[in-house]
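Everything numeric in this text was worked out from a predicted model, so none of it was measured. Ligands are counted one by one from 1 in listed order, and the atoms in each one are counted from 1 as well.
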Amino acid sequence: MSDASKSLRLYNTLTRTKADFVPIDARNVRMYVCGPTVYDFAHIGNARPAIVFDVLFRLLRHFYGEAHVTYVRNITDVDDKINARALRDFGGDIAAGKLSLNEAIRRVTEKTADQYHRDVATLGCLEPTVEPRATEFVEPRADGKADMITLIQSLIGRGHAYVAAGEVLFDTASMPAYGQLSKRNLDEQQAGARVAVDAHKKSPGDFVLWKLSSPEEPGWNSPWGRGRPGWHIECSAMSAAYLGDVFDIHGGGLDLIFPHHENEIAQSRCAHGTDVMANVWMHNGFLQVEGQKMSKSVGNFYSIHELLETDTFGGRKWPGEVLRLAMLMTHYREPIDFSVRKLEEAENTLRKWKRAADLASAAAGQVPAEVVAALSDDLATYAAFQQLTQLASEAIEFNENGENAAAASLKAALAFLGFDVGAAKVDEAAIGEAIAKRLKFIAAKNWAEADRIRDELLAQGVQLKDGKDPVTGERVTTWEVKR
Ligand SMILES: [Zn+2]
């Protein structure tokens, strides 16, 4: 574990400046990123925060140690879009009494969450440390972790929320600092509001913390009747549950700054009486497809799954790591234009890098300091990739005996950035010899030596499989390269 506080710089939406990152506790660096609402396949715009914050997660782990970074990414499994999807897909079964609404909702959310997990794993993303589901944080919990109902109660108790017309609303006027993140001024908003103020709201910007559910809608019992939470309160509850009242980094897409993140900040700060919710707020830019805003009506709306598994985008399937590189070729704060040409460029680049990395011996090198330094400047992935291209040229030009250090560094950098560098080249003859030797040891019942050979091969990425020849009944050992 090394202290990176001097060299890691991050752009903070809260201050609109880039500054040195100083963790609250270097032994537990804490990051929260808003995750998917699981009612349908995740679209490629959703892939961007997953990939961007995965790179940051890897970088933080590199600096502070794997055991010293906590990354929480939630799953939103309570949302009116989910109810609508459950009714659309299972309405008949519900009407026939075969399925309850809650069971139908669970089917929708579990299937969609599974798909999301497969998608982001294919994109080379590590699993977050914790992945809480909103529905598990609505009511007070047996383990005493933060929950939405208790948070809403403390907001009412502290004079920051009120009950009106069956809703609990956050009173924006009760928080002078409201609007700090989005730089929106409440008075301007009110003066400019063209929509008539809902009669029950004190101010037009007041937002829902809790609303009542009809019998056909999912609901939880609460002091304000059977209902369900508003959208924003879940992230205040789940971040507090795992990261505390104040934590280091909060991330998400640019579109979440207002109202979602602004309202998360209002809820958390007012419920806990703190000056900040998270010290650093990071936002990735928008994503367009072939120069146009992605929309179902334009016909350029693509799910991650479609790009990975179908030929609807550019007439072919795309490997996850090509999508990953294409996404990272643009700096995370810039808007990105996702196109077939960009994917082709990423694929060519990746092929060159991998060919060069293959020149390394089995031993992996150290992640080059230049690559870490580039990423440490607010995730300047493009600068890091220039280093990779430089290393690739050096690796290919290398024509001396001994270790190809550039290739080894390149390989380590690719693995660090989440690209599959595959197994080392294998010497089939040597493996054959080792297997024959192991079989002799087994015949002699020298299990220790036999196991030693098996373990040595495994360390090189070669996994042995023992079986029996179906005709002779003799022991046969096959092998495969494990990735
Ligand atoms: Zn959120």
message = Surrounding CD of Q366 (heavy atoms of other residues, nucleotides or ligands, distance under 6.0 Å), is the total greater than 12?
response = no

query = Is R316 close enough and on-axis enough to W318, meaning under 6.0 Å and within 45°, for cation-pi?
reply = yes

query = Can a cation-pi geometry be assigned to R30 and Y32, taking NZ or CZ under 6.0 Å from the six-membered ring centre and within 45° of the ring axis?
reply = no

request  = Give a yes/no answer: is there an N/O/S atom of H232 under 2.8 Å from the Zn ion (ligand 1)?
outcome  = no

ask   = Hey, which N, O or S atom on E264 ends up closest to the Zn ion (ligand 1)?
value = OE2

note = In this structure, the Zn ion (ligand 1) sits at the vertex of an angle between NE2 of H260 and SG of C34 that rounds to 10° as 120°

Within 6.0 Å of CZ in R107, more than 12 heavy atoms from elsewhere = no

ask   = If you round to the nearest 0.5 Å, how far is CG of D77 from CZ of R133?
value = 6.0 Å

ask   = Is the Zn ion (ligand 1) less than 2.8 Å from at least one N/O/S atom of H261?
value = no

message = When you measure from the Zn ion (ligand 1) to the N, O or S atoms of E234, does any of those distances fall below 2.8 Å?
response = no

